[in-house]
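In what follows, a structure is listed as structure tokens, so that the remarks can point back to it.
This structure is a prediction, so every number in the text was calculated from the model and none was measured. Below, chain A is the first sequence line, B the second, and so on; all start at residue 1.
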Amino acid sequence: MSLNGLVTSPSGTHAAIRRHDWSWVGAVSDAPRAIAEVERLDPSPRWAVWSASDLRPLLDLGTAPRRVWDCAEVHRLRRGGVDASVQTLWCDRSGLPVSDAPVAPRSDLFDFEENADRAEPESLTTPAGYLRGDALDGSWQTQGLPNDTTRLLTWAHALLEVAEHQQAALAREQGQGSGSASRALATAASESAAALLCLELERAGLPVDRERLVELITNSAGPRPTSLEEELASRAERDAVVLRHLPGRESTDLRNPAQVRALLLAAGIEVRDTRKWTLESFREAHPVVPALLAWRTRERIATTYGWRWLDAHVGPDDRLRGRWAASDGAAGRMTAENGLHNLPAALRPAVRAAAGHRFVRADLGQIEPRVLAAVSGDRALAQATAFPDLYAPVASRLGVDRSVAKVAVLAAMYGQRSGTAGEALAGLRRAYPVAMALLEDAAERGARGEPVRTFGGRLVRTARPGEEGAIVAPPVAAGRGRFARNAVIQGSAAELFKAWAATIRATTGDLGAEIVLCLHDEVLVHVPVEAASECAARVDAALADAARRWLGSEDVRFVADVSVIERWSEAKA
DNA sequence: CGGTGAACGTA
DNA sequence: CGTACGTTCACCGA
């Protein structure tokens with residue numbers, strides 16, 4: 001897999017390409033032609049970028065390279081954590097300690113004296129070998145543009161060196177461990193594809209039915225206020241519905257947990273905290289309890305998904321937009337802002353395909369136990385994945401009800417201690433020793449503060465740097481154990497999901513389809529109505545393709561529920 | 001003013 | 001409740 005370095009200038013006006021035997025630099029408007037030229041000569045090029053967001057100027061022109069190598073994402077994959085600055089990547093490639101590295105210049109006077117380790121004006125690196133500080137914010141590369149493009153080309157060359165170092169290191173490191181080199185490289189590719197997908201998700205946005213959204217917000221938050229007075233009146237009205245149940249306590253601030261606790265005490269209800277889960281069992285005790293719980297639901301929409309949210313994040317084209325991150329979570333899950341990942345189910349009827357379009361909605365079934373079968377290589381559990389309902393064969397093997405088997409499997413993966421899963425857990429250990437050993441090994445490593453790795457090789461730290469292997473207090477150790485146990489499954493599932501999403505992106509684009517939402521195990525594809533059924537078929541096929549490449553075999557079956565819908569709420573639960 | 005915990009939405 | 005995330009709020013301490 002040959003890599004090409006692709007950089008853009010900070011202003012987005014220029015771009016440069018660096019290959020071993022060929023290079024190009026020029027106006028970004030000419031970059032699509034240069035990219036096409038390379039892709040004509042090289043059948044499967046992979047474009048290395050410092051970060052997929054560098055491709056924004058190209059996406060603005062309506063083009064994007066098909067396959068990318070996102071150096072920041074690959075670095076996070078190999079090293080864990082979130083620090084993937086350009087200087088950090090360079091230090092990794094150069095074997096330099098990151099602690100001594102120059103930082104990007106700030107616009108204050110101190111910077112002029114800061115670095116004793118000054119670079120020659122035309123050198124990208126300092127005498128000690130670090131990237132110069134004024135290259136980190138792009139100002140060094142920009143000097144001389146548009147006439148002098150040599151620095152941008154130098155920048156592209158540095159990028160290519162980093163990318164090739166990463167590629168070689170991944171092949172080496174994984175080749176030695178349990179994973180294969182090809183798996184590590186495949187993961188780097190699909191994590192990079194996810195980073196590009198995140199850019200596209202930001203641009204596309206999630207189509208909504210504005211009228212319906214307005215209606216649903218009005219139901220919870222009241223009509224759109226036109227003044228601060230109206231906003232406060234609307235808020236007081238919501239509060240009054242609860243407070244009228246306890247005359248004399250109208251001054252209670254329902255947003256203050258301590259005051260709510262006092263309010264409940266006046267109703268004869270004593271609770272440790274006022275969480276929903278705690279209050280749920282007191283629903284019958286006093287009418288103020290269900291009123292309070294209903295208030296919380298309305299208040300959530302009023303404050304977080306109300307008028308302000310609508311104005312700030314739903315564009316004039318009726319698309320909800322937010323920033324996406326490809327591997328922001330500790331275990332490498334995708335994250336999204338502005339409610340894209342936690343939109344209340346009550347608002348889902350307002351997520352509707354645009355005129356002439358449909359959603360192809362798909363979600364992975366029983367993804368976590370299937371991923372456990374895959375990453376552990378447990379033959380017996382892998383055989384269970386052949387069934388559409390995995391818990392059925394597990395239940396029969398354990399000689400328990402399906403519901404018991406399900407709770408036990410989930411308890412094993414989450415490290416649950418309470419509840420009645422104990423006996424079935426012992427049965428699981430006998431029936432699926434390989435899978436259970438993987439979970440327990442991860443938990444033990446986590447408890448010791450050691451890092452764990454996902455199936456695709458993502459390093460997940462369980463302790464702060466320098467604290468690895470330290471003796472920690474038992475409650476902390478137990479928490480880390482559960483975290484590590486779950487991170488291996490959750491993180492590996494995230495990798496499979498991203499490989500699936502990347503395959504969907506690659507195989508449905510020609511239908512005019514675009515992915516508009518990724519939600520951990522669920523994907524929404526927006527597609528012209530006439531192509532919807534074909535798109536649904538390809539989404540289903542993409543799972544088998546992605547799973548085979550991800551796992552390197554067909555020993556574990558993954559299943560998706562795929563449907564063509566107009567509104568997200570039509571999805572079956 | 002920034003940081004923290006409570007609370008709750010999603011998977 | 002078992003894990004993860006993002007957002008808003010009240011509170012605390014500087």
Side-chain angles (χ1 to χ4, degrees), chain A residues 82 206 220-221 235 239 252-261 271-281 292-306 308-309 312-313 320 322-348 351 363-369 371-372 406-421 425 439 442-443 446 452 454 458 460 462 478-494 496-497 517-524 568 571 573:
Chain A
V82 292
L206 182 65
S220 288
R235 180 170 141 145
D239 295 4
T252 303
D253 181 357
L254 295 175
R255 293 155 194 85
N256 182 326
Q259 291 191 31
V260 170
R261 191 168 173 269
V271 284
R272 251 171 238 90
D273 58 65
T274 69
R275 285 182 159 89
K276 184 180 172 184
W277 191 82
T278 307
L279 296 184
E280 207 58 60
S281 55
L292 179 63
L293 292 171
W295 175 89
R296 288 244 175 95
T297 305
R298 292 183 68 186
E299 187 70 4
R300 170 65 47 186
I301 291 177
T303 56
T304 307
Y305 306 105
R308 206 173 331 213
W309 169 81
H313 305 306
L320 168 62
R323 296 207 312 219
W324 288 80
S327 67
D328 217 22
R333 272 186 167 186
M334 292 172 79
T335 59
E337 295 181 347
N338 302 338
L340 284 157
H341 266 186
N342 41 14
L343 196 74
L347 296 183
R348 288 188 179 192
V351 176
D363 76 305
L364 299 172
Q366 302 170 338
I367 181 60
E368 286 165 328
V371 162
L372 173 59
K406 179 177 175 175
V407 167
V409 169
L410 294 174
M413 285 186 299
Y414 294 148
Q416 187 182 325
R417 301 197 53 79
S418 63
T420 54
L425 220 51
L439 292 170
V452 293
T454 62
R458 178 179 298 279
V460 180
T462 63
R480 284 178 182 173
R482 283 193 301 273
F483 168 73
R485 179 192 288 260
N486 183 248
V488 174
I489 301 303
Q490 192 188 93
S492 301
L496 171 63
F497 177 83
L517 189 76
C518 291
L519 193 46
H520 303 139
D521 66 350
E522 181 176 7
V523 64
L524 273 186
W568 196 11

Less than 4.5 Å apart, side chain to side chain, heavy atoms only: is that true for [X] and [Y]?
X: A:Leu410; Y: A:Met413; answer: yes
X: A:Ile489; Y: A:Leu439; answer: yes
X: A:Tyr305; Y: A:Asn342; answer: yes

Touch class at under 4.0 angstrom, heavy-atom based, for [X] against every strand present:
X: A:Arg296; answer: sugar-phosphate
X: A:Ala258; answer: nothing
X: A:Arg333; answer: base
X: A:Asp273; answer: sugar-phosphate
X: A:Leu343; answer: sugar-phosphate
X: A:Ala487; answer: nothing
X: A:Gln490; answer: base
X: A:Arg323; answer: nothing

- [ ] Considering only atom P, compute the distance from B:dG5 to C:dC1 and round it to an integer number of Å.
- [x] 16 Å
Look at the side-chain N and O atoms of [X] and state whether any lies under 4.0 Å from the OP1 or OP2 oxygen of [N].
X: A:Arg482; N: C:dT3; answer: yes
X: A:Lys276; N: B:dG9; answer: yes
X: A:Asn256; N: C:dC9; answer: no

Roughly how many Å is it from [atom1] in [X] to [atom2] in [N], rounded to a whole number?
X: A:Asp521; N: C:dA4; atom1: CG; atom2: P; answer: 18 Å
X: A:Leu439; N: C:dG2; atom1: CG; atom2: P; answer: 16 Å
X: A:His341; N: C:dA4; atom1: NE2; atom2: C1'; answer: 12 Å
X: A:Tyr305; N: C:dT8; atom1: OH; atom2: P; answer: 8 Å
X: A:Ile301; N: B:dG9; atom1: CD1; atom2: P; answer: 9 Å
X: A:Asp363; N: B:dT10; atom1: CG; atom2: P; answer: 15 Å
X: A:Asp253; N: C:dA10; atom1: CG; atom2: P; answer: 6 Å
X: A:Glu522; N: C:dC5; atom1: CD; atom2: P; answer: 20 Å

Open item on the list: Need to verify one output field. Residue with the more 5' nearest nucleotide on DNA chain C, A:Pro257 or A:His520?
Closed with: A:His520
Open item on the list: I want to confirm an ordering. Mapping A:Trp277 and A:Arg255 to their closest nucleotides on DNA chain C, which one lands closer to the 5' end?
Closed with: A:Trp277
Selection from [options] that lies nearest to any side-chain heavy atom of [X]:
X: A:Asn486; options: C:dA10, C:dT3, B:dG9; answer: C:dT3
X: A:Ala330; options: B:dT10, C:dA10, C:dA4; answer: C:dA4
X: A:Arg300; options: C:dG2, C:dC11, B:dA7; answer: B:dA7
X: A:Glu337; options: B:dA6, C:dT7, C:dC9; answer: C:dT7
X: A:Arg275; options: B:dG9, C:dC11, B:dA7; answer: B:dA7
X: A:Thr303; options: C:dT8, B:dA7, C:dT3; answer: C:dT8
X: A:Thr274; options: B:dG9, B:dA7, C:dG2; answer: B:dA7

- [ ] Please assess A:His341 against A:Trp324 for the test side chain to side chain contact (heavy atoms under 4.5 Å, CB included), listing each intermediate value before the final yes or no.
- [x] CA-CA 10 Å; A:His341 266 186; A:Trp324 288 80; 3.4 Å; yes
TODO: Say whether A:Trp309 and A:Asn338, considering side chains only, have a donor N or O and an acceptor N or O under 3.5 Å apart.
DONE: no
- [ ] Would you please say whether a donor-acceptor pair under 3.5 Å links the side chains of A:Thr274 and A:Arg296?
- [x] yes
TODO: Could you tell me which non-hydrogen atom of A:Leu425 sits nearest to which non-hydrogen atom of A:Ala408, and how far apart they are?
DONE: CD1-O, 3.5 Å
- [ ] Taking all non-hydrogen atoms of both residues into account, name the closest pair between A:Ala484 and A:Thr462 and its distance.
- [x] CB-CG2, 3.8 Å
Open item on the list: Once rounded to the nearest 0.5 Å, what's the spacing between atom CG of A:Asp239 and atom CG of A:Asp253?
Closed with: 8.0 Å
Task: Paired stretches of DNA chain B - 3 or more consecutive Watson-Crick or G-U pairs, each distance under 3.5 Å - done: B:1-11 with C:3-13
